[in-house]
> 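Sharing a structure here in structure tokens format.
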Amino acid sequence: MEVLILLSPLIAFLLIALFGARIGDMASALLCVLGGAFSFLFSLWATSRALSEPFSVKLYDFLPLDAYNLSLGLFFDPLSSVTASVVTFVATVIFIYSIGYMHNLFGQWTFKFYAYLSLFLFAMLLIVLSDNLLGIFFGWEGVGLASYLLIGYFHTQKKASNASLEAFVLNRVGDWFFLFGIVASFYLFGSLSILDIFARVSQVDKALLGLACLLLFGGAVGKSGQLPLHTWLPNAMAGPTPVSALLHAATMVAAGVYMVARLYPMFESAPESLRVVALVGGLTALFAALAATSHTDIKKIIAFSTMSQLGLMFLALGLGDRMSAMFHLTTHAFFKALLFLSAGSVIHAFHHHVHYIYETGRLKRYMPITYASFLVGALALAGIFPFSGFWSKDLIVATAYEKSFLWGVLVSVVSFMTAYYIFREGFVMFHGKEHFRHEQKEEPHESPSVMVVPMLVLSVMAVVAGFFEGWYGGILGVHKELHVDIAVLSVVVGLAGILVAYLVYVKGLIDPQKAYEALKPLHTTLKEQFFTERFYHKVLAGGYLFYSKVIYMTAERQLIDGVVNFTYPAVKGVGGVFRLLQAGRLNLYAFFMAFGFLMLLFITIFWR
Amino acid sequence: MENLLSLAIFLPLVGALFVGIVRRENFSKVLSLGISSVVFFIMLYLFLNFNWSAQGFQYVKRIDWIPSLGISYHVGVDGMAISLLLMTSLVFVVAFLWSLKVEDRSNLYFALFLALETACLGVFSALDFFLFYLFWEGMLIPMYFIIGLWGHDRKVYAANKFFVYTFFGSVFLLLGLASIVVYGYLITGKLSFDYTFHMGFSYPMMLQMVAFLLFGLGFAVKIPMWPVHTWLPDAHVEAPTAGSVVLAAVLLKMGTFGFVRYSLPLFPDASKYFIPLIFFLSLVAIIYTAMMAIAQTHIKRLIAYSSISHMGVVTLGTFAMDLNALNGAIYMMIAHGLSSAALFMSAGFIYDRVHSYHMDDLGGLARYVPKLAVFFMLSGLAGIGFPGLAGFVAEFLVFLGTYKNFPIWAFIAGVGVVLSAAYFLYMYKRVIFEEETLSEYRLEKWRHLKDLELHHTLSFILIIASAFVMGLYPYPFVKIIEQTSRYVLGG
Amino acid sequence: MNWNALIPELVLALGVLLVFVLELFSQKKHYRLLGLFSAFVPVASLISLLFVQYPAKTLFDLFEVNALNLLGKAVLYILTSLALFSMQDYYEKKDSVYTELSYIPLLSTLGLSILVSSTNLVLVFLSLELSSISMYLMVSLLRGDVLSKEAGYKYLIIGSVGTSMLALGSAFYYASVGSLFFKEYRDENSLFLLSMVLLLSALALKASAVPYHFWTPDAYEGAPTPITGYLSSVPKVALYFFLVQLLGYFYHLKQWLLLVAVLSLLSMFYANFVAYTQKSVKRLMAYSTIAHAGYFLLGISTANQQLQKALLFYVSLYAFASLGSFTIMSVLEKRPGFSHHMLDYRGLFKEHPMLTSLFALFLFAFIGIPPMALFVGKLTLFMGLVHTMLFPLALALLVASSISAGYYLRVIVYLFLEEGEKRFLPAKVSGGEAFTLLVCFLLVVLLGIFPNILYDLIRL
Amino acid sequence: MTTIPLEAYLTLSLVLFGLGVFGMIVRRNMVTILMSMELALNAVNVLFVGADAHLSLVDGQVFALFVIALAAAEAAVGLGIIIAIFRLRRVDSTDEITDMRG
Amino acid sequence: MIQWLVFLLFSALAVVSALGVVLLANPIYVILSLLSVLVAIAGIFFVAGAELVGALQLLIYVVAVTVFYVFVLTAVPWEKALKKDSHYRVEGLLSFPLIPLLYAEMLLVFLVGVSVSPKGEFRGLMQKFGNVEVIGGILFSKYFLAFELVSLVLLIGMIGAVIIGRKEAQTYDNHTS
């Protein structure tokens, strides 16, 4: 029965993939939604069971590894089943939204899009529910593929196809580590089953365990767009917005966090690895927040925000607080999806021709519901009471201050910037001047209800999800007190960020353009993500390609193949020299023969 | 049962004779397809009846052939062989299916392919050195003519390079065979080419090393390993599609098969001694040829380099001296056979339609031939080791097994995972996705491109479905392969 | 006097006599009949071999028959008969009918047949010269063709250098041993050494090993093509059967191995290199012969049963393949205007698929591709060399034979892969040629698959 | 019977043989080359007869007889070929019959 | 002693004449020198006690073969040969060191070897019968087959000379006309 959670998106995928062209795009979309919805229902059911008693489902024997039989299966405990429910819920909502968003493309094989979405959901659920590392890896790569296909959905655009390539390759770098993490764990534990691993985690060598954890974390870094494998995530925004919302904000990128949380006992037993996790998370949070402050792309700002929030989650994990990380993941799924959907709504209103915040403006007049949704999302993201972000982020802030003042300051700074940049985007888009006037003739209008309803649903979730903190902590077996001082602090920090944005972008206290001009080096540095993207593209990728070509032209063609091909002229040349002996004149023949005989005689006599 | 194997081996040859005698195009096509299907079903039957828990060779048939030289007709299969035989017979069915539209001298074409099938099947089932070498070399002539007669522009160059190169390798192999046979004669007084006879010996180290190198050179050329690989891209680039399919899927496997069947069990000590060398070459193959692949603009050449890269994984796993790694290496042979066949079919199809292999001339094909785009993607994913397809299981097993004794080597080799994705997707992007480079003229012309025809689709489905089966339910396959790995590793 | 041992030679001689007489009294129009008759003479000798009791010695021990040299004779007779079968039509089409040519090859074979059995240097000398002089004649006899005369003259002069070396070697042998019979002579005598060098050189000259190969390319190219086929097959077989017997008396000299190795290495590499520069297929095949002489000489580098068996097997089958390929060339040459330039072979496959395939088969056999019988020869040669611990020589053979693949392939490329315009009339294969080709093909392939038929017959 | 030592015969024979070979190398005319060849063959005869005298045997003389006969036959054939070449080409020098080379 | 003297005389004659064969330009002189070599060698045969061989040498060589050569030289106008260099000078110079080297090496070999060569058993027999009888006896008994072969060789030589040397009437004319 529980298998149906997985099967329903899979069946939807297969049906759409095989018959999509025949049944049409609308039917495909409905199938996809249906698959998601069923999956959601089944996961709710499974959750209800899992909350009382964790259980696992064995699927089939997959692979014999010498003495060990690797069998695939599903594992339902509170963590996985709740996450599955959240994932399927958000996914279903976004699927519905996408019907409206993609409607103008119907008739152009849009069924592919729904096939990919279903595939994605299947793979994501595989990550969440698998009871062994290899199963996780299956889903891991599966979501990578779905993400690749979805980012490259508008593949005729160079931007999209490049972004998809980059996403897949960087993810593969992570997967490389992940795969070896799996391998290393196998030799540590003699098993790949999560339960076996948890059972034996205290008996193994700490150093090797740390190594395995780091390798596994490498996979998470790739998937979650953390430093240093981060550049693909902003570029992934080339995909359709529902994709950004679902994959690159709510679920897929969070898989890294989920995986670390899932394997938390391993990490806990190797504290050194947790330190690395915290460091990477913290750095990424700061880094992405900085980058977000100077970007103007509607979706990229939110994407950087995603990176930043994921960084915070990793920080929390690294600091030993699994519950708050996972809770933040959950609330983040709601409000970040909401933000993206709102952004998508804006883009949709401009017929997918607008990408930069300065091309919009003063949209609250035209799109009130979108404005409201965005506002809810932004407030949640900024961590303002009582939105869900407040509850989850507050836990992280508290943990950070508990561990060390420095971490706390870092988180606060990040929170401040988060509030600033998200409201900067909101104010520019929904307040301010109507920059779109000179380009767009018609006025933007509110999106159709098929898009609006999902936004509303998510808004509700973004508001109320935070109140489940206690319950969530309960099912994970952790209880955390709310620290009033910390809560006040973080709300103040958030409000301060909003205030700054308000002063600059609504009141016009400082002309932002002039400020950018004045701080140009800093601005550029931040916008270029400290030049990492350029470094990756030009130096690493470009260099790899360039040197590959150079080596191909030199070592391969000239040296190796050159030697091979040279054998023919060499043999022929030597033959041409020897050939001179056969000069055609009898006297010379006699001469050479006599000479040869002499040599033979010489050898005979003087050979000892 | 044991006669079935021989029947399957020689049926294609008989078919080739018939094709040569009757000389009717349709007859040739139908007969070839029919015979290869029959062979496939025989192999399937044998595969299904294979007992993976029993030791030793099965379906063994032994007849004294040349008693004075100790040569016998001795065939039989172990787990690896029967898997490879199944894959080979499948690939040949696909090759014939794919070639149904061949018009140019089709009788000769099909006759050569049928002869090639006999040689390929023979190599995998021979249990006698002489018989093995007979088939091993017997494949040279048909393949030479397939490349030379139906190839593209530089076919003569490619065919000659293929022939001379592989012949160069195989004479070394011949000397190696002669050495160990003579050694067997010297110590037992019995001249025998029988494989099972020689399995019982332990050779002195010196002989092991020499013979290992001789065998190894022969196999390395065929695999091909770096740096004796340069014949392969040229041969692939020039060969006709079905030729490339067979070349990549089956012929390359002969080398790795040879390593597993001959080098490892016969020269265990030398194999251990040469591990660093083989590993170094494998790593160079994996990384260097991946770089070569991404530097290409010719899709077939790229796929050819990717083949070399994957064979590097196979050699790595073969010599990791670990059960899982060896399982993975053998699994990789089959998986790569499927994926490379499908990739070459895709490339060949593109050429058939667009008449170019160059990425610069291609782009945006997803819009014009969507079915191909799907199958191309799937074959590529099978190639780069995407979970759920056969390649992943193989790579996983190889890395897992290699990591046990050689963690650093395995980890470095793992970079192939990244690089292979890079070159395949780079190609895919330029061929299937990106449209901005295309001229208006092309777009106009391509509007009416015909997508996959029925026989194309069928071929693809056969291959991809097998890849899925092997990727999703590897258990029985690995069990059967393990039957070989266990005795090879002496466990 | 044991005449029984001499039966085959007597039959052959009688046949020669008969043909000779018939030739005197017949006219040109009976040429065909005469040719056919002469071709059956070796067959009669072949049958008469069955009546020979062996081992036996006769004529004051000058003449010895044993299983080995009887086998050699059988191969010789078959080859001669085939060569004669394939000869007739060529001469007719070339308008160069010499009725004498029906018995001269028989005389040559008679000489070689005696050579195989001889145990005395006098007999060796004379039998070899009988066949040599016959061959000079055969090479030179092509009406109006100066090339064949040039070839004949060069062959004669260099051949007579060989003759004088053989004679000088015999003289030294005589001076050192005191007898002209072969016998095991184990004293440390440098005269004996010198005689060995000279005898080996002379035989190497006849076997066209470098540096005594100079006559080979020219004689092969200039000679009428069926005669080239004869030259490249019959004397080779006889020589190696003889050399194997001679080996027994010399192998203990430590210089023997060295000299043979040097000769064979020089031959294989020199010829394989030079063959690449050839434009004429016929000449290329001549170089291939030289290269094969190198391979064969390896077979007598030391005394070892396996090695010699391999050699004799190899050389016998090589002779058939060689005869077959030259027969194909002579079939092609019958078309007016055909030279043996590679360009004339372009696209031949389209015109004559059977003939070309057969040619390719022989060429692949020379390369050493199974299942052709030459492969078994090469394999057993490898085994023999490994057995006698001559691993470096085996490696050299290996390298040389992989070098050689290239130039055979060039011919195959021209035959199959190049497009050629139709410039010649279609070639017609006469009955005799077809028979020869069929036999050669069957032997080369069948003995490749079932080598023990012949291999077991070679009893040392 | 006082005997002349074998060395003397050997020396003479070798000198003559060498001169014969030398003649083959340096002579241009086809007929004179044939004559040089005769010289070489005769040198062999000297050695045979000398060896006979040394060994007190007669086999060498028999051999020498055969060599003489053979030289005659070879000379006959050689001269025939020379005449044929001359008829066809009107040449009598070895550097004029180099059509085949390489 | 006298034997030595005669031997040396004939040897000197042979070597000098052989030099003539090799070096002289005019083919007629070359033939004469060859004749003189052959006669000298026949003389040496007599000195060595090989009367039969000596006699046959005189008969076959000096008479028959030389006549052959003369005949051919007349058929092939020898004056033509005089118009060109009779020798290859470069090859001559190159091979000049070659020949002495050959001598040196061979001498080196056999000077070591002669002393160990055996002595035969015919000494007594030889004294009893004459040289001719002994050779005749051995020729028709031991070397019977060889003798037959020689006859064949001579036959083929004769036939060969005839069929090659004869005018190829029709073909030759066809080609020239």
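Protein chains get the first letters and strands the later ones, always in sequence-line order, with residue 1 at the start of each. The model shown is predicted, which means the values in this text are computed figures rather than measured ones.
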> Identify the two heavy atoms, one from V169(A) and one from A422(B), that lie closest to each other, and give their separation to 0.1 Å.
CG2-CA, 3.8 Å
> Is it the backbone or the side chain of L215(A) that comes under 4.5 Å from a heavy atom of chain B, or both, or neither?
side chain
> Select one option (side chain, backbone, both, neither) describing which atoms of V415(B) are under 4.5 Å from chain A's heavy atoms.
both
> Side chain, backbone, both or neither: which part of A410(B) has an atom under 4.5 Å from a heavy atom of chain A?
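Both backbone and side chain.
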> Closer than 4.0 angstrom, basic N to acidic O: yes or no for D66(A) and K404(B)?
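No, no charged N to carboxylate O under 4.0 Å.
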> What part of I294(B) gets within 4.5 angstrom of chain A, counting heavy atoms only: side chain, backbone, both, or neither?
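For I294(B), the contact with chain A is made by backbone and side chain together.
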> Is I182(A) in contact with chain B via its backbone, its side chain, both, or neither, using a 4.5 Å heavy-atom distance?
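The side chain, not the backbone.
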> Heavy atoms only: give me the nearest M291(B)-S548(A) pair and the separation to one decimal.
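In this case the closest contact between M291(B) and S548(A) is O-CB, 3.3 Å.
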> Pick one of side chain, backbone, both or neither for N69(A), based on which atoms fall under 4.5 Å of a heavy atom in chain B.
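Looking at N69(A), just its side chain touches chain B.
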> Between L126(A) and chain B, which part of the residue has a heavy atom less than 4.5 Å away: side chain, backbone, both or neither?
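No part of L126(A) comes within 4.5 Å of chain B.
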> What part of Y165(B) gets closer than 4.5 Å to chain A, counting heavy atoms only: side chain, backbone, both or neither?
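For Y165(B), the side chain is the part near chain A, not the backbone.
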> Chain B heavy atoms under 4.5 Å from L134(A): which part of the residue, side chain, backbone, both or neither?
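Answer is side chain: those atoms of L134(A) sit under 4.5 Å from chain B.
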> Under 3.5 Å, is there a donor-acceptor pair between the Y568(A) and N160(B) side chains?
no
> Considering only heavy atoms, which portion of L397(B) lies under 4.5 Å from any heavy atom of chain A: side chain, backbone, both, or neither?
side chain
> Would you name the heavy atoms of W109(A) and A366(B) that are closest together and state the gap between them?
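Shortest heavy-atom contact: CZ3-O, 3.8 Å.
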> Between F392(B) and F138(A) (judged by ring centroids, cut-off 6.0 Å), do the two rings come close enough to count as a pair?
yes
> Aromatic contact between F411(B) and F177(A), with the criterion being ring centroids under 6.0 Å apart: yes or no?
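Aromatic pair counts; centres sit under 6.0 Å.
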> In terms of heavy-atom proximity below 4.5 Å to chain B, should D175(A) be classed as side chain, backbone, both, or neither?
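No part of D175(A) comes within 4.5 Å of chain B.
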> Does the gap between the ring centers of Y475(B) and Y60(A) come in under 6.0 Å?
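No - the distance between ring centres of Y475(B) and Y60(A) does not fall below the 6.0 Å cut-off.
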> Can you tell me which portion of P407(B) sits under 4.5 Å from chain A's heavy atoms? Options are side chain, backbone, both or neither.
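No part of P407(B) comes within 4.5 Å of chain A.
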> What are the two closest heavy atoms between F180(A) and G414(B), and how far apart are they?
CE1-CA, 3.6 Å
> Between P474(B) and L63(A), what is the shortest heavy-atom contact and its length?
CG-CD1, 3.8 Å
> Flag the pair D61(A) and K479(B) as a salt bridge only when some basic side-chain nitrogen lies within less than 4.0 angstrom of an acidic carboxylate oxygen.
no
> Please give me the minimum heavy-atom distance between R172(A) and I384(B), naming the atom from each residue.
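Reported closest heavy-atom pair: NH1-O, 2.9 Å.
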> Treating Y187(A) as the side-chain partner and L400(B) as the backbone partner, does any N or O pair qualify as donor plus acceptor under 3.5 Å?
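Checked: pair present.
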